[in-house]
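Just so it is clear: chains get the letters A, B, ... in the order the sequence lines come, proteins before strands, and each one is counted from 1.
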There are 2 protein chains.
Amino acid sequence: MRQGKKKATIYDLSVLSGCSASTVSAVLNGSWRKRRIKESTAQLIQGLAERHQYTANLQARGLRSSRSGLVGLLLPVHDNRYFSSMAQTFEAEVRSHGKCPIVVSACRDPEEERATVETLISYSIDELFIAGATDPDSIHTLCEAAGIRHINIDLPGTRAPSVISDNYEGARMLTSAIIEHFHSAEALKPKELFLFGGRNDHASRERIRGFRDTKIEMLGADADDCIQPTGYSPNMTQKAFEAFYEREGKLPRGLFINSSINFEGLLRFMGQHPHETFADIVVGCYDYDPFASFLPFPVLMIRQNTEGMLAKAFELMAETRPAPQIYLIQPELIMPRMALTGPLDDIKDIDG
Amino acid sequence: MRQGKKKATIYDLSVLSGCSASTVSAVLNGSWRKRRIKESTAQLIQGLAERHQYTANLQARGLRSSRSGLVGLLLPVHDNRYFSSMAQTFEAEVRSHGKCPIVVSACRDPEEERATVETLISYSIDELFIAGATDPDSIHTLCEAAGIRHINIDLPGTRAPSVISDNYEGARMLTSAIIEHFHSAEALKPKELFLFGGRNDHASRERIRGFRDTKIEMLGADADDCIQPTGYSPNMTQKAFEAFYEREGKLPRGLFINSSINFEGLLRFMGQHPHETFADIVVGCYDYDPFASFLPFPVLMIRQNTEGMLAKAFELMAETRPAPQIYLIQPELIMPRMALTGPLDDIKDIDG
DNA sequence: CTAATTTGCACAATCGATGGTGCAATCACT
DNA sequence: AGTGATTGCACCATCGATTGTGCAAATTAG
């Protein structure tokens, strides 16, 4: 009604309807049948609620019921296709359950992660999906203490169910695809296949292991000095490329890049060097980005199955007592020049 | 202490310390000096709080004080570089103010937008940044009624302060850069410069206007039949390209693409056609993406200044009574093969 | 040594919604 | 009509924190 006014509460409606606040509450939260409220009473109150634009104060409800209707997703970063696509899928899924999605990022900083999760807990979130946490087990402890259901995604913990990408298999697929891509040209030599990026987290380790094993199997050479974990920053990765180029006068013909963020390091390098420098390289990137897929050299990519991972995670969340085990989800090898669809394709787009 | 236990409340600490709950509350929320609590009492309580891992129940606090410490950002979508980068910057800024960032997307659906904002209001969020809302004014009404400070970003409203990209200027820069890019080659003819993407929102209209004006000025031809607003979906855009190609047997040499999402439509088209189809095209895209910048044909991009927009928006939010006017932020023209830094570069990355 | 301050804290109402319990009125049935 | 079951709803404690108010005790002033 009046716009500057305070929001209507059940007490306002209680006065207006002549019913008690508890009756109003019951009607408006749907529990009125259980409470044997007359249908006509319910309709009266619902009418008033609508007319006065009543919306429940969810903080009050959450305080009383100690459940908030909030479902959290903790991400390392937003501006990355892998994680933002996860956020997109997550939101749709949570909304379809009638809950409210909360997506937060914590910058791969363990302290920030803890603080963020504590804040979420203070808002009595009902469930938490932990994606890419640097220390899932310490977050597990927090959730456990607060009695909050939680599932790890992307990076596994030992104490809670974890849904992760099969990084080892993915890395094997990617590595062998890179090697095979040279079959028509001059075969790739062991010293020409390098891995850049990643750090000492579970995903990177598995990818490195997959790279290593496959390289040894297929090219028969030890891979250790061809592995350059540069962390997750584009700049460090760029520096690694510069250093390599400085030393060797060229790039390796075969590149395994740990993630699209690291790939940006290669882009920065590219910006400093002419086209010819990249004439015969083949890149495999453990992440999918449609634009990267169409670069002037062959780019093989791994698309992690975020939909599949989230689906599994939601499934586990629904179970009463999910085992704290690791569930592997197979990623997919994407050949060069592929523009795939994503969660955006599901949203409607009507012209005004 | 005990892990399965309920969380400690001020009442628990009240018993443990021998002080009243109000004293505990004052100590823990920092207002204890105002309330003339003895320093030693404060220390005692702080010690207990730490030992028992007390964290305030923010729902209770929010209920009482009707302010939650939450600051919202409403986005159209997550998985888009422009908006996810905005989310990233937003989070950092909000955190630095000691508040809790809430990022939600509403899929460019007016109904969803309203519902989402109502939910946020029900959680008593303190401030709302509305980015890319299809109908900012209707959201304004909601916020107004709830007394929530709000600023529009990216798409302007008439009732609240709006910080938007200077789409007209940006489109002019982009259009003229596309045309000039042909100076060394055979000059571009009017019928060879097309605009694809966008729909009937403020941003698209301004971009189209900038495209139109510049094209007329520089190529001296009416531009109307070279404008194909295809909405924001990659698929519709792809179809537009297919239709054009079907009709003309080639693509236009000069392409103005409304956004990176529309650009993905071109990628899908590319996936269906050989390299040669794109041998001599020049693309201008109203969005910046580092991978797109290195595609096999020249890609000129507009980088919208998200940091600048958010900075201005936060500045306005801090003002007591900001005028409901439009603040234009200049975007930047990015030449081909540029890998720029973004918010990710600010996050630390230490190897474990 | 008494009066006026100041210090330090407890009390209790309150925010808005929930849900267990109890009670009157109505209905069914012998 | 009397007994028991059912219907329809009101009452009230409660969730955990905030905050205005009041009042002893300690301190200072005169």
Side-chain angles (χ1 to χ4, degrees), chain A residues 5-45 49 52-70 118-119 121-124 126 146-147, chain B residues 5-45 49 52-70 118-119 121-124 126 146-147:
Chain A
K5 270 310 188 192
K6 310 267 353 146
K7 290 188 52 179
T9 70
I10 53 169
Y11 297 98
D12 301 331
L13 299 183
S14 156
V15 172
L16 289 167
S17 65
C19 300
S20 77
S22 60
T23 300
V24 175
S25 169
V27 168
L28 295 173
N29 68 27
S31 69
W32 58 280
R33 291 189 183 284
K34 270 192 284 293
R35 286 190 147 258
R36 299 180 320 214
I37 307 289
K38 228 195 306 183
E39 178 114 24
S40 64
T41 310
Q43 283 174 357
L44 165 68
I45 293 177
H52 291 265
Q53 312 201 72
Y54 170 85
T55 55
N57 180 320
L58 299 179
Q59 304 213 65
R61 172 179 295 169
L63 173 58
R64 183 58 236 251
S65 57
S66 69
R67 300 179 328 97
S68 60
L70 300 173
E118 284 193 335
T119 304
I121 290 176
S122 299
Y123 283 110
S124 310
D126 298 339
Chain B
K5 271 309 189 190
K6 309 260 3 138
K7 289 190 54 179
T9 70
I10 53 169
Y11 297 99
D12 301 331
L13 298 182
S14 155
V15 172
L16 288 167
S17 66
C19 300
S20 76
S22 60
T23 301
V24 175
S25 169
V27 168
L28 295 173
N29 70 26
S31 69
W32 57 281
R33 291 189 181 284
K34 270 191 284 293
R35 287 190 148 257
R36 299 181 319 217
I37 308 287
K38 230 196 307 185
E39 177 115 28
S40 64
T41 309
Q43 284 174 358
L44 165 68
I45 293 177
H52 292 265
Q53 312 201 75
Y54 170 84
T55 55
N57 181 322
L58 299 178
Q59 304 212 64
R61 171 178 294 171
L63 172 58
R64 182 59 236 248
S65 57
S66 69
R67 301 181 324 99
S68 61
L70 300 173
E118 283 192 336
T119 304
I121 289 175
S122 299
Y123 283 111
S124 311
D126 299 338

- Query: In residues 10-17 of chain A, which residues come under 4.0 Å of DNA chain D by heavy atom?
  - Reply: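 Heavy-atom cutoff 4.0 Å gives no residues at all.
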- Stretch residues 24-33 of chain B: residues that reach within less than 4.0 Å of DNA chain D through a heavy atom: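 Only B/S25, B/N29 qualify.
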Within this structure, what is the [atom1]-[atom2] distance for the pair [X] and [Y], rounded to the nearest 0.5 Å?
X	Y	atom1	atom2	answer
A/R61	A/S68	CZ	OG	11.0 Å
A/W32	A/I45	CH2	CD1	10.0 Å
A/Y123	A/L70	OH	CG	9.5 Å
A/I10	A/S22	CD1	OG	8.0 Å

Please list, pair by pair, any protein nitrogen or oxygen found under 3.5 Å from a nitrogen or oxygen in nucleotides 26-28 of chain C.
none

Under the side chain to side chain donor-acceptor pair (under 3.5 Å) test, residues paired with [X] that sit two or more places apart:
X	result
A/T23	A/S20
B/S65	none
B/S124	A/Q59
A/T55	A/K7

- Message: Could you tell me if the side chain of B/L63 sits less than 4.5 Å from the side chain of A/N57, heavy atoms only?
- Response: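 A/N57 vs B/L63: side chains touch.
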For [X] and [Y], which heavy atoms make the closest approach, and how far apart are they?
X	Y	result
A/G69	A/D126	N-OD2, 2.8 Å
B/S17	B/L44	O-CD2, 4.0 Å
A/A42	A/V27	O-CG1, 3.7 Å
A/L13	A/V24	CB-CG1, 3.8 Å

- Message: Nearest whole Å is fine: how far is D/dG16 P from B/N57 CG?
- Response: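 Nearest whole value for this atom pair: 7 Å.
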- Task: May I have the distance from B/Y123 (atom OH) to C/dA17 (atom C1'), rounded to whole angstrom?
- Result: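 My rounded result for the distance is 13 Å.
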- Divergence of helical axes at both termini of the helix from C/dC1-D/dG30 to C/dT30-D/dA1 - five pairs an end, 10° steps: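 That helix gives 40° between its end axes.
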- At under 4.0 Å between heavy atoms, which parts of nucleotides 3-9 of chain D does protein reach? Answer with one letter per nucleotide, 5' to 3': B base, S sugar-phosphate only, - none. ----BBB
What donor-acceptor contacts under 3.5 angstrom involve side-chain atoms of residues 33-41 of chain B, with partners at least two apart or in another chain?
none

- Using heavy atoms and a sub-4.0 Å distance, could you list which residues of residues 58-70 of chain B are near DNA chain C? By number, please.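 Close to the strand are B/L63, B/R64.
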- Message: B/D12: which residues meet the salt bridge (charged side-chain N to carboxylate O under 4.0 Å, His left out) condition with it, sequence neighbours left out?
- Response: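 Here no residue qualifies.
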- Look only at the side chain of B/S25 and the backbone of B/A21, and say whether a donor-acceptor pair between them is shorter than 3.5 Å.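 Not a single qualifying donor-acceptor pair exists.
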